[in-house]
Enquirer: 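First the structure, which I've put down as structure tokens, then a few questions once you've had a look.
Atoms within each ligand, like the ligands themselves, are counted from 1 in listed order. When a residue number appears, it is its place in the shown sequence, counting from 1.
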Amino acid sequence: MNCRHCGTALRCDFLDLGFAPPSNAYLTAEDLSKPEVYFPLRLQVCEECWLVQTEDYASAESLFSAEYAYFSSASTSWLAHAARYVEMINSRLGLGRESMVIEVASNDGYLLKNFVKAGIPCLGVEPTASTAEAAEALGIPVRREFFGEALGKQLAGEGKGADLILGNNVYAHVPDINDFTRGLKAALKAGGTVTLEFPHVMRLIEHNQFDTVYHEHFSYLSLFTVGKIFEAAGLRIFDVEELQTHGGSLRVYGCHAGDSRQTTEAVTALLGEEQRRGLQAPAIYADFQAKAEKVKNDALAFLLDAKREGKTVAAYGAAAKGNTLLNFAGVKPDLLPYVCDAAAAKQNKFMPGSHIPILHPDEIVARRPDYVMILPWNIATEVRQQLASLADQGTRFVTAVPELKII
Ligand SMILES: [Zn+2]
């Protein structure tokens, strides 16, 4: 296979998680009597542009089905993050009634509704029908398509070129990152700004976050590599912020290559840090498999010990990252009988691969397990607050990443 960005032949392995079904392919009770499709889940790194990427197997169409169950509005901390962003960017760019904002992967309108409220014209791009419908119900116009160069040019041609194009947690999920980036270039007005948020591969490596690897997540990005991809499309990164979201993300600010805005010191400093940590050399990538296996083995040992001791364990958060961990570890309902999740669309379904049933959060409160394993460790604080009544009654909380921790 060749690098999705620069075309160089890939020879450097990063992570092999075996085979797994798409992590958002939640199953109904009927699905449990049918065969389930597994794809290899392996990552390699390009030694030319240092793009960490999944091997090519599944097509985007099969991964993002109309049934896709993730609704951004289900997470209160994510909603607050979106509202803070809109306030910040409106004031930084001075957006108003004459401006145009496009959000790629606008999901259920969790973010654009803040622009609607501020009276700023906006447009969502969202291929998933169920979430697009939810956004339209909030008064947000939505194009139900995948974003790329063709749509970017079409939007510009229709007079819908944007002063701001934003993409939160979509950049790492697009199969053709070059085409997507050319789409940003095409849809961006002169003097316009692009902001993208994505998990920072430097933090993934630092904190053993192998469970953020899944098929739908095609790229694992550094500032260095995103800078290269932008440059190839005629864009430039002029600022960057480090965020706490998803275990450590970047928010990059992009503009047309010839824009007069100066590149900030933050960009230079972070490029220097990535270089110092060895992100542009093979060693750091070669060491990662053993770290992932240790985390997986410790999580499995915890579940086995709890079972032998007659303790009850439940999981909270039917997140994609939980599916990666559970499927890598081979966990089934005998070790983890149920998982609770606040998202109504996931309830009464089953986790792909492990077939662990997903229940309403009231169930975990009613059943009072000895341990609650919080699968989405990035919202562990929020979950512990929601389940404070359980902690008062002696339930203990467990997270597996970056290392097994019992709280
Ligand atoms: Zn490359």
Enquirer: Do we get Arg261 above Tyr253's six-membered ring, with its NZ or CZ under 6.0 Å from the centre and within 45° of the axis?
Expert: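 Not flagged: Arg261 not positioned over aromatic ring of Tyr253.
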
Enquirer: Glu274 and His200: side-chain donor and acceptor closer than 3.5 Å?
Expert: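 Their side chains do contain a donor-acceptor pair, which is all the 3.5 Å distance test asks for.
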
Enquirer: My understanding is that only residues two or more places apart in sequence, or in another chain, count here; which of them pass side chain to side chain contact (heavy atoms under 4.5 Å, CB included) with Lys294?
Expert: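 Applying side chain to side chain contact (heavy atoms under 4.5 Å, CB included) to Lys294 gives Asp298.
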
Enquirer: Side chains of Glu47 and Tyr285 only: does a donor on one sit below 3.5 Å from an acceptor on the other?
Expert: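 No, Tyr285 and Glu47 have no side-chain donor paired with an acceptor closer than 3.5 Å.
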
Enquirer: Protein N/O/S atoms under 2.8 Å of the Zn ion (ligand 1)?
Expert: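 Those protein N, O or S atoms (cut-off: under 2.8 Å from the Zn ion (ligand 1)) are Cys3 SG, Cys6 SG, Cys46 SG, Cys49 SG.
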
Enquirer: With a cut-off of 3.5 Å and sequence neighbours excluded, list every side-chain donor-acceptor pair involving residues 219-230.
Expert:
residue: Tyr220; atom: OH; partner: Tyr214; partner atom: N; Å: 3.3
residue: Tyr220; atom: OH; partner: Tyr214; partner atom: O; Å: 3.4
residue: Tyr220; atom: OH; partner: His217; partner atom: O; Å: 2.6
residue: Ser222; atom: OG; partner: Thr225; partner atom: N; Å: 3.1
residue: Ser222; atom: OG; partner: Thr225; partner atom: OG1; Å: 3.0
residue: Thr225; atom: OG1; partner: Cys49; partner atom: O; Å: 2.8
residue: Thr225; atom: OG1; partner: Trp50; partner atom: O; Å: 3.3

Enquirer: Cut-off 3.5 Å, no hydrogens considered: what does the side-chain donor-acceptor table look like for residues 398-407, sequence neighbours left out?
Expert:
none

